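We're numbering straight along the sequence, starting at 1. Computed from a prediction, not measured in an experiment: that's the story for all the values here.
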Amino acid sequence: MEENPTVLTENQKRELIKTNSNIILIKNYIEAARRRSYYGVAFWTIGILAISAIFIDILIFQWQGIAPYFKHAITLGSLASIGLGAYISSTPGVLYSSFPSDLTDVLKLKSIGSPRRTIAQLELELQLLREEKKHTQETVGFSIERNRASYKEDAFVYIEELRRESNFYRRVSNFFQMIIIAGASISTLGAGTSYFVNQISIGVAIASFCIAVASSMTGYFKYKERSFYSQQTADAVEHEIEAFELGVGRYKAFPVDDPDGKKKSLEAFAQELHRLRQDQKMREQNLDQPSSKGEEGGN
């Protein structure tokens with residue numbers, strides 16, 4: 001009896017599982033590198049804003065009504081924030097020494113003269129791992145049905161990625177909204193009392209400046225919209241998986257006990273999942289290029 005080329009041996013199964021695990025690890029490290037980049041920009045922004053407020057106060061208000069120790073604390077905090085932001089920005093990526101040995105054995109960029117791996121390098125490693133996985137599947141004779149089934153398993157990882165992105169953008173959006181709410185409250189209160197206490201006008205100016213910066217950040221980067229779209233796509237993919245496994249909705253027309261029905265059901269699922277992922281990419285591209293959209297609409 002001939003051996004079925006589409007049936008995987010135990011070693012082949014372990015290799016594919018290991019490759020999938022490495023792909024997930026690389027994705028996690030890419031997210032960690034992106035968070036580090038965001039933190040660097042945040043510290044830079046906070047420090048520069050604080051220094052700007054200090055210079056405005058020195059030139060206009062001459063630090064009136066502020067205790068000397070508080071002045072020094074603000075100055076040192078601003079310089080420390082700028083220094084921390086500069087350090088993080090000058091050391092991008094994640095430490096190579098933090099990678100597990102199973103992952104470092106398959107990475108291509110081993111000795112590049114840097115202890116860290118940047119986002120671009122990690123994305124290159126991710127692409128190489130995906131190409132290796134594709135080559136392995138072609139070598140063992142993966143059929144189109146098996147590829148579609150593998151695409152279904154990847155959907156669970158995709159859901160987790162979308163939810164991590166959604167939670168991150170939601171936290172950033174909530175942070176800036178808290179700055180806007182707190183700044184508006186302080187400005188309103190300070191504007192009412194600055195008539196009696198002139199020094200409070202300093203706080204009003206700083207609070208108004210923070211509101212302007214937070215509003216600009218949320219308006220330009222659209223954190224709330226990014227969070228909403230990521231969560232919406234994750235829910236849609238999860239709903240599609242549940243419908244596929246229960247055989248309801250669009251999959252009700254495909255009988256489970258019929259092999260041909262299973263193939264058609266899996267084909268419909270892969271097609272819908274592919275559409276959802278493409279729609280999510282188009283939304284991200286539209287959010288990344290707001291000015292281009294405006295210019296195109298004006299022409």
Listed partners of D102 passing salt bridge (charged side-chain N to carboxylate O under 4.0 Å, His left out), at least two apart: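 None.
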Set of residues satisfying salt bridge (charged side-chain N to carboxylate O under 4.0 Å, His left out) with respect to E165, sequence neighbours excluded: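 Once residues adjacent in sequence are excluded, E165 has no partner under the salt bridge (charged side-chain N to carboxylate O under 4.0 Å, His left out) criterion.
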Taking [Y] as the starting point, is it possible to reach [X] by hopping between hydrophobic residues whose side chains are less than 4.5 Å apart?
X    : Y    : value
Y158 : I241 : yes
L276 : L162 : yes
F43  : V213 : no
L76  : L84  : no
Y223 : F175 : yes

Electrostatic pair K27:E160 at N-O distance under 4.0 angstrom: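 Salt bridge between K27 and E160, a charged N being under 4.0 Å from a carboxylate O: no.
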Carboxylate-amine/guanidinium proximity below 4.0 Å for E272 and R275: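 Yes, this pair counts.
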[X] [atom1] to [Y] [atom2] distance, which is reported to the nearest 0.5 Å:
X    : Y    : atom1 : atom2 : value
N286 : E284 : CG    : CD    : 10.0 Å
Q271 : K264 : CD    : NZ    : 13.5 Å
K224 : S173 : NZ    : OG    : 6.5 Å
F221 : S216 : CZ    : OG    : 10.5 Å
T45  : I82  : OG1   : CD1   : 10.0 Å
I181 : F176 : CD1   : CZ    : 14.0 Å

Pair N174-R171, side-chain contact (heavy atoms from CB on, under 4.5 Å): steps then yes or no: CA-CA 5 Å; N174 292 338; R171 288 194 297 267; 5.7 Å; no
What are the two closest non-hydrogen atoms of [X] and [Y], and how far apart are they?
X    : Y    : result
A33  : G93  : CB-CA, 3.9 Å
A155 : L273 : CB-CD2, 3.6 Å
I179 : C210 : CG2-O, 3.9 Å
P92  : R116 : O-CD, 3.3 Å
G183 : I211 : C-CD1, 3.1 Å

Co-members of the apolar cluster containing V94 [side chain, <4.5 Å]: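 V94 clusters with I23, L25, I26, Y29, I30, Y96, F99, L103, V106, L107, I119, L122, L126, L129.
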Side chain to side chain, N28 and R164, heavy atoms closer than 4.5 Å: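 Touching, per the 4.5 Å side-chain cut-off.
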Sub-4.5 Å side-chain heavy-atom contact between L79 and I51: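 Contact flag for L79/I51 side chains = yes.
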Partner set under side chain to side chain contact (heavy atoms under 4.5 Å, CB included) for R283, not counting sequence neighbours: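 Per chain and number, R283 pairs via side chain to side chain contact (heavy atoms under 4.5 Å, CB included) with Y229, Q232, T233, D279, Q280.
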Verdict with reasoning, K108 to E132, per salt bridge (charged side-chain N to carboxylate O under 4.0 Å, His left out): CA-CA 12 Å; K108 306 300 182 183; E132 181 181 349; 5.0 Å; no
Worked check of side-chain hydrogen bond (donor to acceptor under 3.5 Å, both in side chains) between N167 and R170: CA-CA 5 Å; N167 292 334; R170 186 182 298 110; 2.8 Å; yes
Enumerate, atom names and distances included, each donor-acceptor pair closer than 3.5 Å involving a side-chain atom of residues 243-252, sequence neighbours excluded.
from : atom 1 : to   : atom 2 : distance (Å)
R250 : NE     : E240 : OE2    : 2.9
Y251 : OH     : E240 : OE2    : 2.5

F156 atom CZ, neighbour heavy-atom count above 12 within 6.0 Å: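 Enclosed: over 12 neighbouring heavy atoms sit under 6.0 Å from CZ of F156.
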Salt bridge (charged side-chain N to carboxylate O under 4.0 Å, His left out) partners of residues 28-52, not counting sequence neighbours, each pair once: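 Residue pairs with at least one partner in residues 28-52: E31-R34, R34-E123.
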Y38 and F168 aromatic centres sub-6.0 Å: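 Under 6.0 Å, so yes.
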Side-chain donor or acceptor of T104 paired with backbone N/O of S101 under 3.5 Å: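 Pair found, side chain donor or acceptor close to backbone of S101.
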Polar contact flag, side-chain donor to acceptor under 3.5 angstrom, E131-Q127: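 The criterion, which ignores hydrogens and geometry beyond distance, is satisfied for Q127 and E131.
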